[in-house]
There are 2 protein chains.
Amino acid sequence: MPGNTPHVVVVGGGFAGLWATRALASADVRITLLDRGNHHLFQPLLYQVATAGLSAPDIAAPLRHILRRQGNATVLMAEAAAIDKDARRVQLASGDAIDYDALIVCTGATHAYFGNDAWAPFAPGLKTLDDALAIRRRILTAFERAEAERDPAARAAWLTFCVVGGGPTGVELAGTLAEIARHTLRKEFRNIDPGDSRVLLLEAGPRVLSTFPDALAAKARASLARLGVDVRTGTPVSRIDADGVSLGEEHIAARTVLWAAGVAASPLARTLDVPLDRAGRVAVQPDLTLPGHPEVFVAGDLATLQRADGRPVPGVAPAAKQMGAYIAQVLRARFAGRSAPAPFRYRDYGNLATIGRRAAVVDLHGFRFSGFPAWTFWLLAHVFFLIGFRNRVVVMLDWAMAYWTYQRNARIVLGKDPTK
Amino acid sequence: MPGNTPHVVVVGGGFAGLWATRALASADVRITLLDRGNHHLFQPLLYQVATAGLSAPDIAAPLRHILRRQGNATVLMAEAAAIDKDARRVQLASGDAIDYDALIVCTGATHAYFGNDAWAPFAPGLKTLDDALAIRRRILTAFERAEAERDPAARAAWLTFCVVGGGPTGVELAGTLAEIARHTLRKEFRNIDPGDSRVLLLEAGPRVLSTFPDALAAKARASLARLGVDVRTGTPVSRIDADGVSLGEEHIAARTVLWAAGVAASPLARTLDVPLDRAGRVAVQPDLTLPGHPEVFVAGDLATLQRADGRPVPGVAPAAKQMGAYIAQVLRARFAGRSAPAPFRYRDYGNLATIGRRAAVVDLHGFRFSGFPAWTFWLLAHVFFLIGFRNRVVVMLDWAMAYWTYQRNARIVLGKDPTK
């Protein structure tokens, strides 16, 4: 009977939410999975859509298609506006409301400018497929504008690309941009040489890939330099506007600036009425619940939790999947009247980042490697984890073609530039 | 010397413009190809992007990539605002201007509402990739809204799809919509049965596919009926608004209305200062030039020309390609001092339209067939003409998967609904 079966509401269809839902497949619960979009997104490859290597549907699958055979799950495309913990109710932006017996909140993070929201229109970030298509449009259009521009200074500004933030996304974007300029677009322009482009990677901290060991970060930096990327560490950005980026006294004239510097938790966290950290994340209990509310779980990038050694659980896809699966385990035990499982423990399988064609860094608990073997490992790992058979085949095909021809198959400008 | 080499400006990178440019590859001319976008679009498969079967980059290729080895051609992503025939100059929307010795105008057509522009926001048309992604968003979102809707009448309106116009595009859209509702989305919803959807094809004239022989049009109609499409002929639409479509006294409550009823020539034609027909097209001379201006050519959907038997050259891709190639032939003869070729003559290889999975109609000069053989012929013909090896492979793969699984691989909602 629906009336007696506990109703689990999952907000957000990312790694945490989808893995929690799937792990509840055999549980005697009704699940409602809410997401603003209609798809689960394989976020680790989002930069490939932004840089025209993959199509948007290559890295996304409709949530209701993934869950079509899971009879206890209902998918709703809807935006959660607020959560009322006392009434146990999710208020939707549409005006409707949904009551729950247990709630799993995993709406993730969005890019954030930390008090510099005025920079947003000039330095788009990369979190959704729409973000990726907007960045793709900017990158491709910049070369087109350079080709049409006669003034040398203006042309140089169109051919200057600044990536702000030296984490994995910034490194991937900068490396791929350099590759596009030097290889993909070769011989396609008549008035400009795309190889004259400048790609800068601007990192406020002392080094790129700060979560990696020093030696691997240095290797990544060397790979970037070989690709022609101008890496500047220890250089905080003081201003971004339509003309470019200011680094203290220095001004870099650049018409394309991409933001990979910071994320903040989804604003839904604020409606939970609990203390948030500086990035807006929810400090959860060891069982991923809220204090005093064992029926409310927070997971993925929206949650912050310390490991036994004091380091935080990182905001990466494997952590989100493990949190989702753990919450399902807690709920299954609870609804079956069994004792609760041990507190959540993050299993760290390693850390990997790619720089461009044939260069990557991999850190598997001390087993560290870089270069072509690391790139191959990265490629296989990512294709393996892509959801859906067709996506894997098409992505492999796209990459095989791209590898041999240096071409990128999604170089299509879509949509209009909203700043124009 | 650039100063002495004639400058040919081509406006529009569709079939006419691209074929003219390629046919001038060995001519002693400088060519500038202008297009608003950065890509050539394989328009015959645009409805597949709109109905989530293909990704946008599957049916498009960057113009400058296609022409990268053609040294006498420069591609510029720019919008032509006006043409000054006396000054022999194209005025760009950016404020720049480009002088020409010969001009080929082929900016095609856009969808038109013939005095009912108020219908536009409620009944989007299908001419560009952005149009296709907007229609895809509406179709996919309609099922999502129906799933969330509790009021039976409102739910039925979300599950009612009207396609206005019974030409090839309307038939393709209606057939594919019926297939999506009955097969693709089966078992994916919990509150609705997508099979309850109504798909209506509304044609003002006496029959669908009016350019086909009666017998084939009747077969197409029968195929549509088998797919569950409610075909209404002889029913002009009197009103379209947010609630649906009015056909005289009858009102059909439908939240998704697609416009496939009419096209009008690109507004650039108006700046040519020549008489235009009712659809805004330019009546060209038998050599596709303007009267008194042998250096200005108009081709593709922007031109109108009668054949020897009095029928017009149809607005289809093969006619545009033939016009483009013919203009190149005229220019090559002219610049070489040879006599002009015979007037343009359209070679009609036949007419084909598809209705859905395994149903199509083909008319090859009296050799007429339909059903599965016609569908196979249509499939091979379209994949063969797709530009670029990778696109062919990926499209074949997508279709093979779609055929066996009934799935559609691009069911991803992109962008925001601008009406919300």
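In the text below, chain A, chain B and the rest are named by the order of the sequence lines, each starting its count at 1. None of these values were measured; they are calculated from a predicted model.
Contacts of A:Leu133 with chain B are made by side-chain atoms alone, with heavy-atom separations under 4.5 Å and no backbone atom involved. Interface residue B:Val413: backbone and side-chain heavy atoms are both found under 4.5 Å from chain A. Proximity to chain A is absent for every atom of B:Ala52, based on heavy atoms less than 4.5 angstrom apart. No part of B:Leu41 comes within reach of chain A, as not one of its non-hydrogen atoms sits under 4.5 angstrom from that chain. Heavy-atom distances place the side chain of B:Leu140, and not its backbone, under 4.5 Å from chain A. For B:Arg36, no part lies near chain A; criterion is any non-hydrogen pair under 4.5 Å.
Taking CD1 from A:Ile412 and OG from B:Ser55, the interatomic distance works out to 11.0 Å, rounded to the nearest 0.5 Å. In this structure, B:Arg145 CZ and A:Leu76 CG are separated by 12.0 Å, a value rounded to the nearest 0.5 Å. Atoms CZ and CG, from B:Phe143 and A:Asn38 in turn, are 12.5 Å apart once rounded to the nearest 0.5 Å.
Shown are B:His65, B:Arg68, B:Arg64; of these, the side chain to side chain donor-acceptor pair (under 3.5 Å) with A:Glu188 is made only by B:His65.
In terms of heavy-atom pairs under 4.5 Å with chain A, the best-connected choice from B:His39, B:Arg411, B:Gln70, B:Glu147 is B:Arg411. Ranked by heavy-atom pairs shorter than 4.5 Å toward chain A, the options B:Ser94, B:Ala73, B:Ala78 are led by B:Ala73.
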